[in-house]
Amino acid sequence: MKKDLISKKYQEKIKSFSYFNKRYYNDNVSEITDSEYDNLKKTILDLEKKYSFLNSKDSPAKIVGYKPSKNFKKASHRVPMLSLANAFSESDLLNFEKKILNFLSHNLDSDIYYSAEPKIDGISASLLYKDGKLTQGLSRGDGKEGEDITTNLSTIKDIPKFIQSKDFPKEIDIRGEVFIKNSDFNNLKEKFANPRNAASGSLRQKNPLDTKKIPLKFIAYTFGFEKGLKINNQFDYLKKLSEWGFKTNPLNKLITGIKNLLKNYDEVEKNRANLDFDIDGIVYKINDFALQKRLGYVGNAPRWAIAHKFSSDKAISKILDIDIQIGRTGALTPVAKIKPINIGGVLVSNATLHNEDEINRKDIRIGDTVTIERAGDVIPHILSVDVKKRLKNIPKFIFPNKCPSCGSKTIKEFNSITKKKDAVRRCSSEGYFCEKISIEKLKHFVSKDAFNIDGFGKKIVENFWSLGLIKYPQDIFRLDYKKIEKLEGWGNLSVKNLKYSIDDKKKISFERFIFSLGIRHIGLENAKLLSKYFGSFSKFKNLSKNKKYAELLNVDGIGETQVNSLKTFFSNKMNIGVLNELEKILIISNAAIEKKDGLLKNKTFLVTGKLNGISRAEVKSLIEENSGTTVSTVSKKLNFLIVGDKPTKRKVENANELEIKIIDQNQFLKMLNKTS
Ligand code: IVH
């Protein structure tokens with residue numbers, strides 16, 4: 001890579017890093033997970049290591065946190081609050097010890113003692129005591145200056161306000177972590193993404209009375225400035241802290257040898273789900289203060305300590321229960337309810353078990369200790385079961401042979417292509433007999449690519465269903481608005497808006513209509529094929545009478561699976577009833593006859609960002625109806641980039657570079673002689 005390209009990449013990373021720091025430290029918002037943050041930090045540090053010309057004042061090597069927020073008065077730390085380097089593997093630890101021994105010119109086989117302290121994932125704070133009295137409490141801020149949050153910190157019960165012990169230093173900054181217990185977080189789940197955000201948010205409330213309402217805890221582990229401390233090692237310091245009335249971590253240990261550090265790490269990691277607080281690793285500190293002093297600091301982290309982080313995409317926890325979810329097509333999906341565990345900054349409490357076969361293959365049972373993986377945006381899943389940890393007499397999990405929602409038989413279909421039974425078990429009911437299936441069908445009916453009813457989300461479907469306001473799709477168009485207006489959270493205006501959105505969607509294209517019915521195996525593409533084939537709704541509905549299913553096999557793209565599914569759909573009376581009712585309410589336009597010489601002939605389009613009042617699927621069909629083509633990437637082949645709200649920056653930049661015409665929604669509609 002060329003020097004200027006490397007610089008550019010580096011500056012971009014620094015910019016994001018500063019941005020996320022500002023959001024986190026000033027606005028209390030984590031826009032990325034901890035592991036994403038750690039990765040970003042690592043990329044920057046790696047780049048700096050590789051290319052010595054890279055150097056920024058905002059580098060993670062130079063800054064600890066972010067400038068304190070303006071909401072609170074600032075105050076300097078008498079001794080800076082630093083951060084820790086991270087270790088992820090055995091070799092990182094061996095390296096850490098080797099460097100220390102080299103620095104101290106010790107023999108490579110000398111025994112070094114470490115204080116191994118579980119790293120609580122909370123917010124660090126520094127408490128200044130003068131003559132045994134708590135006089136000031138600061139947040140970390142940027143490490144040099146913190147926010148004066150004395151009053152808020154004073155509301156925490158674990159923080160002693162007066163200490164009378166004779167050996168308590170005349171002056172000392174006691175440092176530690178403010179956090180919230182997982183069990184207390186349960187009540188705050190709605191408001192915050194994870195316990196750390198909850199602690200940070202509560203601690204920085206403008207009104208200390210708001211802080212007091214939240215059960216914050218404090219664990220002490222180090223000190224900053226001191227005058228009169230008569231202790232010479234970390235482990236004795238921790239003991240003293242508890243004598244003085246501070247809480248310390250009961251899992252702190254004094255350990256020598258990397259092997260033993262690793263053993264302790266494994267044990268703690270296995271036990272993590274049983275702790276009532278979040279930890280994201282273990283901090284190792286050289287026990288002897290004299291050695292700590294000799295070792296000193298590199299950059300903004302001590303040479304004498306390191307944080308051994310837990311894997312950012314795996315964790316061990318326990319299965320509390322197995323829930324069976326029912327999808328729109330009747331598929332029964334088992335979901336493991338697990339003891340909540342933080343994986344890479346996200347509190348995970350559900351893991352998919354995929355299907356019955358997967359449960360049998362891995363012999364997963366309720367009560368099992370399991371390793372869960374959460375990688376990228378993939379739904380967390382179970383990697384393995386620790387059978388040794390299984391208690392005696394725990395029965396095998398029996399997959400229900402009756403639908404948990406409607407009691408119908410559950411079946412595994414025979415797949416004529418693979419000549420095997422499906423892995424998925426389904427509820428055998430049809431139409432709108434099964435409650436759970438019906439709810440899912442309604443969610444699909446109002447969804448973006450179907451009726452796209454603004455403001456009619458999944459929660460509303462569930463809510464209206466439970467109130468008996470909707471059961472079948474047609475009920476959506478005959479809502480009792482008077483009743484809704486009286487519901488909590490609804491008012492005159494919101495009801496008016498809802499009515500407007502629903503009425504607005506009474507006119508619908510034929511292909512979208514077919515798609516919205518949620519017939520198994522009939523997705524957007526197949527709905528399009530069927531709409532072209534039948535041309536109109538009445539011909540489609542006629543299928544139930546003329547039963548010309550076999551002819552459908554002539555449609556390129558439609559196969560036996562789809563035909564069988566249509567047969568099942570049309571043989572159900574409830575479905576026919578729904579079609580009849582919808583026909584009375586809706587205006588279903590006939591399939592557009594494709595114009596070969598349409599207005600957009602030989603033109604290619606790509607949409608980025610959110611459009612207003614028109615979905616991407618609709619734009620796509622408008623383009624195709626008018627002989628245009630849609631493409632999926634910005635390249636020289638692209639003629640028009642349609643840009644909506646919050647577009648992908650890259651796409652816009654690339655389009656600019658390639659001098660591709662960038663247009664908005666209105667300009668696009670104008671090309672079709674339409675206005676929005
Ligand atoms: S010692 C120079 N000990 O980890 C030493 N920190 O990245 C600095 N933390 O800001 C801190 N448990 O928020 C230390 N037992 C422990 C800790 C701990 C959690 C946090 C703390 C600090 C961060 C370091």
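Basis for what follows: all heavy atoms, side chains included, without hydrogens, waters or symmetry-related copies. Computed from a prediction, not measured in an experiment: that's the story for all the values here. Read the numbers this way: they start at 1 and go in the same order the structure lists the ligands and their atoms.
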A.B. asks: How far is atom 13 (O) of ligand 1 from its nearest protein heavy atom, and which residue and atom name does that atom have?
C.D. replies: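 Checked against all protein heavy atoms, atom 13 (O) of ligand 1 sits closest to Glu177 OE1, 2.8 Å.
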A.B. asks: Taking the six-membered ring for Trp, is the centroid-to-centroid distance between Phe17 and Tyr37 below 6.0 Å?
C.D. replies: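 Yes, the ring of Phe17 comes within the 6.0 Å limit of the ring of Tyr37, centre to centre.
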A.B. asks: Aromatic rings His354 and His381: how do their planes relate, parallel, tilted or perpendicular, breaks at 30° and 60°?
C.D. replies: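 His354 vs His381 ring planes: tilted.
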A.B. asks: Over 60° means perpendicular and under 30° means parallel, so classify the ring planes of Phe277 and Phe179, tilted if in between.
C.D. replies: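 If you compare the ring of Phe179 with that of Phe277, the planes turn out perpendicular.
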A.B. asks: To the nearest 0.1 Å, how far is atom 8 (C) of ligand 1 from its closest protein heavy atom, and which atom is that?
C.D. replies: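 Of the protein heavy atoms, Leu82 O, 3.9 Å lies nearest.
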A.B. asks: Using heavy atoms and a 4.0 Å limit, tell me yes or no: is Arg175 in contact with ligand 1?
C.D. replies: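 It does not; every heavy atom stays at 4.0 Å or beyond.
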A.B. asks: Looking at ligand 1, would Pro302 count as a contact under a 4.0 Å heavy-atom criterion?
C.D. replies: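 So Pro302 counts as touching ligand 1.
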A.B. asks: How about Tyr113: does its OH atom have over 12 heavy atoms from other parts shown lying under 6.0 Å from it?
C.D. replies: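 For Tyr113, atom OH is not crowded (no more than 12 foreign heavy atoms under 6.0 Å).
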A.B. asks: To check your reading of the model: name the closest protein heavy atom to atom 7 (O) of ligand 1, its residue, and the distance in Å.
C.D. replies: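 Sorting protein heavy atoms by distance from atom 7 (O) of ligand 1 puts Leu84 N, 3.3 Å first.
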A.B. asks: Do Glu147 and Leu138 have side chains that approach each other closer than 4.5 Å (heavy atoms only, starting at C-beta)?
C.D. replies: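 In short, these two side chains do not touch, never coming nearer than 4.5 Å.
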A.B. asks: Examine ligand 1 and decide if any of its atoms is less than 4.0 Å from a heavy atom belonging to Met81.
C.D. replies: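 No heavy atom of Met81 comes that close to ligand 1.
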A.B. asks: What are the atoms of ligand 1, with element, lying closer than 4.0 Å to any heavy atom of Lys285?
C.D. replies: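 Near Lys285, meaning under 4.0 Å from one of its heavy atoms, ligand 1 has 1 (S), 3 (N), 14 (C), 15 (N), 16 (C).
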A.B. asks: Going by the atom numbers of ligand 1, which of them fall below 4.0 Å from some non-hydrogen atom of Arg140?
C.D. replies: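 Listed by number with element: 10 (O).
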A.B. asks: To which of Tyr221, Tyr284, Phe223 does the heavy atom nearest atom 12 (N) of ligand 1 belong?
C.D. replies: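 Checking each option, the heavy atom nearest atom 12 (N) of ligand 1 is found in Tyr221.
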A.B. asks: Considering only heavy atoms of Ile120, which atoms of ligand 1 have at least one such atom less than 4.0 Å away?
C.D. replies: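 Those qualifying, in numeric order: 12 (N), 19 (C).
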A.B. asks: Just do the side chain to side chain donor-acceptor pair (under 3.5 Å) check on Trp244 and Asp167 with the steps written out, would you?
C.D. replies: CA-CA 9 Å; Trp244 293 333; Asp167 55 358; 3.1 Å; yes
A.B. asks: Return the closest protein heavy atom for atom 4 (O) of ligand 1 as residue, atom name and distance.
C.D. replies: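 Looking at atom 4 (O) of ligand 1, the protein heavy atom closest to it is Lys119 CE, 3.1 Å.
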A.B. asks: In terms of residue, atom name and distance, what is the protein heavy atom nearest to atom 15 (N) of ligand 1?
C.D. replies: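 I find the closest protein heavy atom is Glu117 OE1, 2.7 Å.
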A.B. asks: Using a 6.0 Å cut-off, check whether atom CD of Gln164 has over 12 heavy atoms from anything other than its own residue.
C.D. replies: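 Not buried by this count: 12 neighbours or fewer within 6.0 Å.
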A.B. asks: In Å and rounded to the nearest 0.5 Å, what is the CG to NZ distance from Asp131 to Lys133?
C.D. replies: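 Interatomic distance, Asp131 CG to Lys133 NZ, rounded to 0.5 Å: 10.0 Å.
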